[in-house]
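Shown next, in structure tokens, is the structure this report addresses.
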Amino acid sequence: MFAWNPLLNQSGPTEFVFRVFTAVPEFQALLFLLFLLLYLMILCGNMAIIWVVCTHSSLRTPMYFFLSNLSFLEICYTSVVVPLMLANIWGAQKPIPLAGCGAQMFFFVTLGSTDCFLLAVMAYDRYVAICHPLHYTLIMTQKLCVQMVAGALALALCLSLQLTALIFTLPFCGRRREINHFLCDVPPVLRLACADTRVHQAVLYVVGILVLTVPFLLICVSYVFITLAILRIKSAEGRRRAFSTCSSHLTVVLLQYGCCSLVYLRPRSSTSEDEDRQIALVYTFVTPLLNPLIYTLRNKDVKGALRNAILSKAAADAH
């Protein structure tokens, strides 16, 4: 007897659709405006940091070089997800082809991984600045800074390419499959495969450990040495200043790694698709929005440079 194969029951190429947030038009409009406003705030906040770092010579230091790269990553990261998400809020479900889903997953994982690696690089920069202040300029050269950013991107590209290629070799039964998410993230796409995905789940955990656990442990080790060095500073004002330069970075680290670990490192049996989608909203909108706010509100140099830039622009417009 001929065995029925679900893969043969496809009338065309495989497509995916995203599950709608709500079918109520009024709520659709409200969500669209809310997410659009958040997206514009993310773009404006991060572009302001890039602009102020590039235009003020006092901010041309390794710390602000990494911060401007982080802001650029946040802009790219949200731009991979949010425009498509906004297009899918209105009306009926809009399909995304298999290739389009794969491309979004590749760029999303690449940029998210680079983000995590860059936060570890920034922790190393703070370690050198506080633990080896006399050798800081000798160690943190412009060449090394560029190499570390390029290395973070290259490693992320390598891991992302292999993970995405592995996932899209899987068969997806039926012509149109619904993803219970607003983007082609790895866990929800894996759930739609009609094949054994245990190997793919294992690879996802390995990539998750390399992207999240290893950098986080390196950050923790850096901050142990930083804390010990700060406690040896005799003046209370000196200790306060040293802690304040690290607190912004540490806040961002806890937000980023905490949310991502909940999605990618939890056992599959304890994960809920709806929970994953809610957590993903945090690292898609909240973290990229808080990054510029945290760094500007807690950093006197950036606040001063922004204030001077706004005043000089206002003065120029007045004339």
Inter-residue atom distance F66.CZ - D125.CG, 0.5 Å rounding: 5.5 Å
Hydrophobic clusters here meaning ILVMFWY residues chained together by side-chain heavy-atom distances under 4.5 Å, can you tell me if V121 and V221 are in one? yes
Between SG of C54 and CZ of R60, what distance do you get to the nearest 0.5 Å? 7.5 Å
Check whether any side-chain N or O of K94 sits under 3.5 Å from a backbone N or O of A87 as a donor-acceptor pair, and report yes or no. yes
Test of ring centre spacing under 6.0 Å for Y283 and Y257: no
To the nearest 0.5 Å, atom OG1 of T61 lies from atom CZ of F65 at 11.0 Å
Test item: N88 side-chain N/O and L84 main-chain N/O as donor-acceptor pair under 3.5 Å: yes
Closest non-hydrogen atom pair between L170 and A195, with its separation: CD2-CB, 4.1 Å
Between L250 and F225, is there shared hydrophobic-cluster membership here, with clusters defined by ILVMFWY side-chain heavy atoms closer than 4.5 Å? yes
Please check: side-chain N/O of Q104 versus main-chain N/O of V80, any donor-acceptor pairing under 3.5 Å? yes
Audit row: V186, L163, side chain to side chain contact (heavy atoms under 4.5 Å, CB included) steps and yes/no: CA-CA 9 Å; V186 181; L163 182 63; 3.9 Å; yes
Quick one, C101 with I179, criterion side chain to side chain contact (heavy atoms under 4.5 Å, CB included). Give me CA distance, side-chain angles, the key distance, then yes/no. CA-CA 10 Å; C101 190; I179 300 173; 4.1 Å; yes
F18 side chain near I96 side chain, heavy-atom distance below 4.5 Å: yes
Is it true that I219 and L228 fall in one hydrophobic cluster, defined by side-chain heavy atoms closer than 4.5 Å? no
Take F72 and M47, measure what side chain to side chain contact (heavy atoms under 4.5 Å, CB included) needs, and give me the verdict at the end. CA-CA 8 Å; F72 178 70; M47 282 194 289; over 6 Å; no
Side chains of L144 and M140 in contact at under 4.5 Å (non-hydrogen atoms): yes
Could you check if a side-chain atom of M85 sits within less than 4.5 angstrom of a side-chain atom of L183, using non-hydrogen atoms only? no
Atom CZ of F107 with >12 non-hydrogen neighbours under 6.0 angstrom: no
Please determine whether residues V206 and L217 belong to a single hydrophobic cluster, defined as Ile, Leu, Val, Met, Phe, Trp and Tyr linked transitively by side-chain heavy-atom distances below 4.5 Å. no
Would you indicate whether C116 and C260 have their SG atoms under 2.5 Å apart? no
Student check: side-chain heavy atoms of I167 and L190 closer than 4.5 Å: yes
Note, L153 side chain near T110 side chain (heavy atom, < 4.5 Å): yes
Pairwise distance CG(L73) to CG(N46) - rounded to 0.5 angstrom: 10.0 Å
Return yes if some donor-acceptor pair links the side-chain N/O of T78 with the main-chain N/O of I75 below 3.5 Å, else return no. yes
Distance-only, no hydrogens or angles: does the T169 side chain make a donor-acceptor pair with backbone N or O of L166 under 3.5 Å? yes
Donor-acceptor pair, R177 side chain versus L192 backbone, under 3.5 Å? yes
Identify the two heavy atoms, one from A280 and one from T284, that lie closest to each other, and give their separation to 0.1 Å. O-OG1, 2.7 Å
Can you find a heavy atom in the side chain of L159 that is under 4.5 Å from one in the side chain of F117? yes
If you count every heavy atom of other residues, nucleotides or ligands that lies below 6.0 Å from F106 atom CZ, does the total exceed 12? yes
Can the ring centres of F16 and F172 be said to be less than 6.0 Å apart? yes
Is there a side-chain contact between Q256 and T251 (heavy atoms, below 4.5 Å)? no
All heavy atoms of A123 vs all of S222, minimum pair found to be O-CB, 4.0 Å
Group every Ile, Leu, Val, Met, Phe, Trp and Tyr by side-chain heavy-atom contacts under 4.5 Å, then state whether L161 and V189 land in the same group. yes
E74 and D115: which non-hydrogen atoms are nearest, and at how many Å? OE1-OD2, 3.2 Å
A side-chain contact here means heavy atoms from C-beta on lying under 4.5 Å apart; do V149 and L118 qualify? yes
Rounded to the nearest 0.5 Å, how far apart are CG of L43 and CG of L289? 10.5 Å
Counting only N and O atoms by type, is there a donor-acceptor contact under 3.5 Å from the side chain of D185 to the main-chain atoms of P187? no
R126 NZ/CZ over Y223 ring centroid, <6.0 Å and within 45° of normal: no
Do T114 and Y77 have side-chain atoms, one donor and one acceptor, less than 3.5 Å apart? no
Grab the two heavy atoms, one from K234 and one from R239, that are nearest each other, plus how far apart they are. O-NH1, 3.2 Å
What distance separates I49 CD1 from L59 CG, expressed to the nearest 0.5 Å? 10.5 Å
I'd like to know whether L281 forms a side chain to side chain contact (heavy atoms under 4.5 Å, CB included) with F35, so could you lay out the CA-CA distance, the side-chain angles of the two residues, the decisive distance to 0.1 Å, and finally the verdict. CA-CA 10 Å; L281 283 172; F35 292 146; 4.0 Å; yes
So the ring-ring contact (aromatic ring centres under 6.0 Å, His included) pairs with at least one residue in residues 131-151 (sequence neighbours excluded) are Y127-H132
